[in-house]
Visitor: 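Below is a structure I'd like to ask you about.
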Amino acid sequence: MDNLALHPKFKEVSDECVLFPDHAEQLLQVYLDLILAKEFENVSVIQAPVLGRCLIECTHPDTRVKYLILPAFVAEPWTVAKIECTFTALDRETDPRLNASAVSRITLGVITGDSTITYMNLTRGVPPEKPDSALTVPVIP
Amino acid sequence: MATKRNNAGKRLQYSVPLPLPALQQQQQQQKQPQQQQQKHVQPQTPSTATNDLSLQRQSVSSSTTCPSSWLLHPLRTILSAALKYLHLQHDNTKGSPTTTQDLIHGEFHFSGASVWIHEGKDMEILFRQGFFGKGTLSRSEATWKERTAGSSQGVSLEEITRQRRVERAQLKMEKLVLAVQGNASALPVSTTPLISSNTSSTNASGFTTPVSTVSSVSQSQDPQLNNTVQQSIMPLTSPIGDDPEGVNQETVSSSSGSGENEEHLQLSLEEAFFLVFAVECIAVSEQKTSSTCDQLLGGNPAGVTPFSIQECWLRFAQASAFAGKPSIAASIPMQMPMPDISPDNPFIVRYAAYHHYRSLGWVVKDGLKYGTDFLLYKKGMIFGHSQFGIRVVACKSAAEVTSNTTHQHRPTGMSPLNLHSSPLSSTPGIFVSHAVHSWQWLLALNRVISQVQKTVILCHVIVPSHVSKQQLSHPLKALPLYTIVEVGIKRFIPEKNRK
C-alpha cells in the first residue's frame with residue numbers, strides 16, 4: 001500500500017484502497033487505465049461492502065454505453081459459482097447503480113503481471129441477441 | 001523505400017540487446033562455429049525455428065516420442081551465470097559496489113506479482129534492448145507521456161486517433177444507409193402483398209410485406225443508427241474540456257501541466273527474474289526510491305537493500321503461490337530458511353518455459369489476450385507479429401508416476417507432490433499431465449490462435465517429484481531438474497489444407 005500511495009492519482013481512490021486493501025492495487029491499475037489510457041468518462045469508484053471489493057462505473061467516450069468494471073488479477077481463480085455469487089452479492093448491495101447492473105452485465109478487468117488488462121463482459125444468463133445492422137431490416141408492426 | 005528506411009530506423013532503436021555477462025558472451029562466440037555446421041530444418045516448433053542452437057537438441061513433434069532436454073545448452077549458460085554470480089558476491093564482500101551501481105532499480109509488488117520500473121531512462125533501456133516489460137498506459141512501449149504531450153500545444157496524437165475513429169464510424173454508417181436505400185430503390189413497387197391472405201395466422205403474428213418494410217427503411221432511418229452517428233459526432237463538437245464531470249479535463253490538465261509521467265514500466269515476475277538472474281541488470285527491492293541504486297548504496301538509513309537472486313526466487317515463488325490470496329500472503333513473513341514452495345509452483349514452471357525460449361533468442365511476451373501463456377516474437381513486436389502461442393502445461397514423467405504407484409514408500413526429506421493425474425493424449429510413456437485437459441479445451445485454444453495466424457505450442461514442463469527443499473531454494477539447483485517438451489498443434493482439414 002505504501003508503494004501505491006506514492007502515485008499522484010492514488011488520492012482519488014485512497015478511501016476505497018484503505019477499506020479494501022486486498023484489492024487496492026488492481027483497483028488503482030484499472031482506474032488509471034480507464035481514465036488515462038482508455039479515456040473513459042464519468043469514471044467513479046463504487047464501494048461494494050457485501051461483495052468485499054470495489055467496482056468502477058464509467059462511460060465509453062464514443063458509444064456512451066455505461067460499464068461496471070470489476071478489477072481482478074489474472075491469478076485470481078474464478079468459477080461459475082463465484083461468478084454467480086458475485087451477481088447475487090451485487091443484487092444485495094444498497095447502491096442502486098450496483099443493483100441495476102446486477103440484473104444485466106458486469107465487466108471483468110483481468111490484469112496480468114505486465115499490466116496488460118483484458119476486459120471481459122459477464123452477463124447473467126443468456127445475453128440479449130444483438131441484431132446485425134448490416135442485414136436486419138426493421139419490421140413495421 | 002520509405003518502408004526500408006522505417007525498418008532501418010527501428011533496427012537502430014530496438015535491436016541492440018542488453019549486454020550479457022562477459023562469460024556468456026565468450027560462450028556465444030564459441031557456439032558460432034557449431035551453428036554453421038547445422039542443417040537448416042523446416043521450423044515446426046520454436047526450438048527448431050531458432051538459429052541460436054548451440055548443441056544438438058531433439059524437440060518433440062507430434063510424430064516423435066523422444067523428449068527434448070535443455071540441460072546441455074542452458075547448463076553452460078547457468079554455469080557461466082553462476083561463475084559471474086560468484087564473482088559478483090566476491091566483489092560485494094570486498095566492498096567494491098561499482099557493478100551494482102549501474103543496475104536498474106525495480107520495485108517489487110507482492111500483491112500484484114509484478115516489478116515496477118519508474119525511471120524514464122530505465123524504462124527505455126529495458127524495452128528497447130530486449131522488449132522487457134510493458135507501459136501501464138500503453139500497448140507496449142511506455143509512450144503515454146509523448147502521446148499526450150501535444151494537448152497543451154494543440155491536438156494530441158490520441159485525440160487525432162480518436163477523431164479518425166469517429167470519422168470512420170460515421171462513414172461506415174453513411175455507406176450502410178446508402179446501401180439500404182439503394183436496395184430499396186432497386187426493388188419493384190407493388191401494391192399486392194407477397195404473402196397471400198390464406199396465411200391469415202402469419203399476418204396476424206406481425207409479418208409484413210418486404211415492399212412496405214423497405215419503404216419504411218428508406219423513409220425513416222433506424223433510430224439506433226441515428227443515435228450511433230450522433231454520438232460519434234459529439235466528441236468532435238464537444239471537446240474533452242467540456243466534459244461536465246471534469247474527469248478528463250483534470251486528466252488533461254494534470255498530465256500536460258505538471259509534466260509528471262504517470263506511467264511506469266511493469267515487468268512480470270518471469271521477466272524481472274530473468275533480468276536479475278540471467279542478464280544481471282536490475283536490482284529488485286520492495287521499497288520505492290526516486291533514483292537508481294546509487295541511493296541504495298549511499299548509506300540509506302532505512303536499510304533498503306535489493307534482493308539477492310535467491311531472495312528474488314523465493315519471493316517471486318511465494319507471490320505466485322499466493323497471487324489470489326493477498327490477505328493470507330500478507331500474514332506470512334519473509335524469513336530464512338525459505339518458505340515452503342512446491343516444485344509445481346506456478347512461477348517456477350512458467351519461468352522454466354520463459355528462460356527456455358529467451359535463451360533461444362525469442363522475445364517472450366504475455367499472451368493472455370490470445371488465451372495462451374506466452375507469445376513468441378522473432379525479433380520483437382515492433383518488427384512483426386508473433387508466430388507462436390505458448391501454452392505452459394505442468395506435468396511429470398510417466399516413469400515417476402509408475403514408481404509412485406508401485407512404491408508407496410517415499411524417502412524422508414523429500415517434498416511429495418499432490419498430483420491428480422489423468423492422461424492427456426494417447427502417447428503413453430512420455431508424460432501424464434496434472435490437470436484434466438479435454439479435446440474441447442485444445443480445439444477451442446487452437447481455434448482462437450489460428451484465427452490470428454499463429455501456431456499453438458504446448459510447452460510441457462516436466463516437474464521433478466523427488467526434489468528436496470534445499471534444491472528448490474536456488475534456481476541454479478532447481479532449474480536443471482526441469483525438462484521442456486514441446487508439441488506443436490495445428491488442425492488439419494483435408495478438404496481445405498492442400499499443403
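Nothing here was measured: the structure is a model prediction, and the numbers come from that model. In what follows, chains carry the letters A, B, and so on, assigned in the order in which the sequence lines appear, proteins first and then strands, with residues in each chain numbered from 1.
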Visitor: Counting C-beta onward and ignoring hydrogens, is there a side-chain heavy-atom pair between A:Asp33 and B:Thr136 closer than 4.5 Å?
Guide: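 When only atoms from C-beta onward are counted, B:Thr136 and A:Asp33 do not touch, as no gap falls below 4.5 Å.
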
Visitor: Quick check for you: to the nearest 0.5 Å, what is the distance between B:Ser111 atom OG and A:Leu4 atom CG?
Guide: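 Separation between the atoms: 6.5 Å.
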
Visitor: Which answer fits A:Ile117, side chain, backbone, both or neither, if we ask what part of it has an atom under 4.5 Å from a heavy atom of chain B?
Guide: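 Just its backbone gets close to chain B.
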
Visitor: Below 4.5 Å from any heavy atom of chain A, which atoms of B:Glu263 appear? Answer side chain, backbone, both or neither.
Guide: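 For B:Glu263, neither part sits under 4.5 Å from chain A.
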
Visitor: Return yes when atom NZ of B:Lys175 has more than 12 non-hydrogen atoms of other residues, nucleotides or ligands closer than 6.0 Å, and no otherwise.
Guide: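 Open: at most 12 neighbouring heavy atoms sit under 6.0 Å from NZ of B:Lys175.
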
Visitor: In Å, rounded to the nearest 0.5 Å, how long is the span from CG of A:Leu32 to CG of B:Leu137?
Guide: 6.5 Å

Visitor: For A:Glu25, which atoms come within 4.5 Å of any heavy atom of chain B: side chain, backbone, both, or neither?
Guide: side chain

Visitor: Check whether any side-chain N or O of B:Glu262 sits under 3.5 Å from a backbone N or O of A:Lys9 as a donor-acceptor pair, and report yes or no.
Guide: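 Not at all, since once roles are kept as given, no pair shorter than 3.5 Å links the two residues.
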
Visitor: Check this for me: A:Lys38, atom NZ, are more than 12 non-hydrogen atoms of other residues, nucleotides or ligands nearer than 6.0 Å?
Guide: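 Yes - once you tally the heavy atoms of other residues, nucleotides and ligands closer than 6.0 Å, there are more than 12.
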
Visitor: Got a sec, which residues hit side-chain contact (heavy atoms from CB on, under 4.5 Å) with A:Thr118, two or more places apart in sequence or on another chain?
Guide: A:Thr116, A:Met120, B:Leu368, B:Lys369

Visitor: Below 4.5 Å from any heavy atom of chain A, which atoms of B:Leu267 appear? Answer side chain, backbone, both or neither.
Guide: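 B:Leu267 touches chain A through backbone heavy atoms alone.
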
Visitor: So which heavy atom on A:Gly113 is nearest to which on B:Ser114, and how close?
Guide: O-CB, 3.2 Å

Visitor: About how many Å separate CD of B:Gln266 and CD of A:Gln29, when rounded to the nearest 0.5 Å?
Guide: 4.5 Å

Visitor: Please round to the nearest 0.5 Å and tell me the distance separating atom CG of B:Leu265 and atom OG of A:Ser115.
Guide: 8.0 Å

Visitor: So with a 6.0 Å cut-off around OH of B:Tyr370, is the heavy-atom count from everything else above 12?
Guide: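 Not more than 12 within 6.0 Å, no.
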
Visitor: Kindly compute the distance separating OG1 (A:Thr112) from CG (B:Asp373), expressed to the nearest 0.5 Å.
Guide: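 Between atom OG1 of A:Thr112 and atom CG of B:Asp373 there are 11.5 Å.
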
